[in-house]
Amino acid sequence: MSNITIIKNAHILNPPYQDVHGPCDIVIEGEYIKEIAERPVAIDGARLIDVQGRTVMPGLIDLHVHTNAVEVNLGKQSSMPNALVTLRSAGLMSAMLRRGFTTVRDAGGAGDPMKQAVQMGLIQGPRLFVSGRALSQTGGHGDMRGRSDFLAASECACCVRAGALARVADGVDAVRRAVREEFQMGADQIKIMASGGVASPTDPIGAIGYSEEEIRAIVDEAQRQGSYVLAHAYTAQAITRAVNFGVRTIEHGNLVDSAAAAAMAKQGAYAVPTLVTYDALATEGEQYGLGPESLEKLLRVRDAGLGSLEIFKAAGVKMGFGSDLLGPSQRLQSEEFRLRRQVQSAAEVLTSATSIGAEVLDMRDRLGLLAANAWADLLVVDGNPLRDIGCLLGQGEKIPLVMKAGVVEFNTLGG
């Protein structure tokens, strides 16, 4: 049986996203694109998919998801049974793929077993790049313990909860060991908390997290593994410290200033804004159990979100696409396109969710584009996102076909 698929009569939308061109035939052999031909192609035994002039574009990349975040209240979910968290996560991942996200970077929580489950076909979901559990200092953004007179010792390795998105490690020796353990357990990259956050109960937004010595040790260990560090960071001070100490991507960055953005540009660091999560938390957080201390911190970072895009853009910082949604709010993932479009051009928004994401993942020849030898990750779209980004919103209603690594995951084209 032939392992060749030909997608016929496609109008290709590809970086640098100037316009669609076609009609073209896309020849796929196994997991990879073999050829994009500007002529009709006929191969005996090939499977034919006629898209009848629809737009075909690369699969989307979300650089900041939490596939294990099945609840908005992260403190609550950290005590949930592992099996329940895992089974609920499967539904979240399938929905991401249906929205056209064929690759995601989990920014804390998912580990190698979830990645294996997708690769083995046990569950349906995007290609995963996992960070294992994020590293937090005591009282930092990953420390979900409430205030009390006594804090119990951290859990032992045999009692790790699937719903715990982070682990606490303090001091240079401890963070080195934590990084080594996360890589041993299959992490692709390491996430740290470099400032306070919204969803955690006891840390102020302006807290700057780890010391210089701790961050440099974490970065050194990651680089020894041929990998890198991403950092949760909001304020200009936290951002500047992180990139100057070797961090590669800044997550969120809402309170950046021009000097911090210039430091990022100088170091070649990427920004991964996540505007949609603040809209979701503001409108839905309370009903899904977000605590009052988190709701109070939310407004400060939410209001600065669009301005941060303008600052990053002016400094020449490359921006990847991120969503960072929790629990039921993950259905709003594609709304990030609509928010970004208020500051960025349609081409810039699409680039953030494809080729820049591929750069961050060191997969620029495999992901984020339609070209020979790239993975056959592609979407068939009703409409042209360059003219109307709205065709990428919702739950995939205007994306009738999703292919990942040459496998048709969803197809409502008919015929």
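Since the structure is predicted, the reported quantities are computational estimates derived from the model, not experimental observations. In this chain, residues are counted from 1 in sequence order.
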Measure the spacing between [atom1] of [X] and [atom2] of [Y] and express it to the nearest 0.5 Å.
X	Y	atom1	atom2	answer
Leu298	Glu286	CG	CD	11.5 Å
Thr274	Asp279	OG1	CG	11.0 Å
Ile6	Ile43	CD1	CD1	4.0 Å
Thr277	Leu332	OG1	CG	9.5 Å
Leu401	Ile7	CG	CD1	6.0 Å
Ile192	Gln137	CD1	CD	8.5 Å

Please check if the side chain of [X] supplies one atom and the backbone of [Y] the other of a donor-acceptor pair under 3.5 Å.
X	Y	answer
Arg127	Gln119	no
Ser195	Tyr234	yes
Asn14	Leu370	yes
Glu221	Arg180	no
Arg340	Pro273	yes
Asp106	Val130	no
Ser334	Leu393	no
Arg341	Gln344	yes
Ser89	Thr67	yes
Tyr210	Ser136	yes

Take Val408 and Arg47, measure what side-chain contact (heavy atoms from CB on, under 4.5 Å) needs, and give me the verdict at the end. CA-CA 11 Å; Val408 175; Arg47 177 187 183 185; 3.6 Å; yes
Verify whether one side chain among [X] and [Y] offers a donor that lies under 3.5 Å from an acceptor in the other.
X	Y	answer
Thr55	Asn384	no
Asp170	Thr138	yes
His252	Tyr278	yes
Ser131	Gln189	yes
Ser211	Glu214	yes
Ser323	Glu336	no
Ser345	Tyr17	no
Asn73	Gln77	no

Any salt bridge linking [X] with [Y]? Criterion: basic side-chain nitrogen under 4.0 Å from a carboxylate oxygen.
X	Y	result
Asp188	Lys115	yes
Arg241	Glu212	no
Lys191	Glu251	no
Arg54	Asp382	yes
Glu71	Arg88	yes
Arg98	Glu409	no

Quick one: are [X] and [Y] in side-chain contact, heavy atoms under 4.5 Å?
X	Y	value
Gln52	Asn9	no
Lys8	Val51	no
Asp62	Gln333	yes
Arg331	Leu325	no
Tyr270	Arg248	yes
Met80	Val70	yes
Ile28	Leu378	yes
Leu361	Tyr228	yes

Selection residues 388-407 - residue pairs positive for side-chain hydrogen bond (donor to acceptor under 3.5 Å, both in side chains), sequence neighbours left out: Arg99-Gln395
Please test Val198 against Ile205 for side-chain contact (heavy atoms from CB on, under 4.5 Å), starting from the C-alpha separation and ending with a verdict. CA-CA 7 Å; Val198 171; Ile205 291 292; 4.1 Å; yes
Determine whether Phe410 and Met403 satisfy the following criterion, side-chain contact (heavy atoms from CB on, under 4.5 Å), listing intermediate values before the conclusion. CA-CA 7 Å; Phe410 300 95; Met403 175 181 282; over 6 Å; no
Check the pair Asp220, Arg224 against salt bridge (Lys or Arg N to Asp or Glu O under 4.0 Å), reporting the backbone distance first and the verdict last. CA-CA 6 Å; Asp220 178 59; Arg224 288 169 183 259; 2.8 Å; yes
Ignoring hydrogens, what is the shortest heavy-atom contact between [X] and [Y]? Give both atom names and the distance.
X	Y	result
Leu275	Leu309	CD1-CD1, 3.7 Å
Ala304	Leu255	CB-CD2, 3.7 Å
Ala358	Ile61	N-CD1, 3.6 Å
Gln267	Val243	CG-O, 3.7 Å
Asn254	Ser308	O-CB, 3.6 Å
Leu13	Pro385	CD2-CD, 3.6 Å

Could you walk me through whether Phe245 and Val219 pass the side-chain contact (heavy atoms from CB on, under 4.5 Å) check? CA-CA 8 Å; Phe245 302 157; Val219 169; 5.6 Å; no
Return yes when atom NZ of Lys313 has more than 12 non-hydrogen atoms of other residues, nucleotides or ligands closer than 6.0 Å, and no otherwise. yes
With a cut-off of 6.0 Å (strictly less than), are more than 12 heavy atoms of other residues, nucleotides or ligands near CG of Asp173? no
In chain order, what residues pass the ring-ring contact (aromatic ring centres under 6.0 Å, His included) check against Phe321, with sequence neighbours excluded? Phe101, Phe337
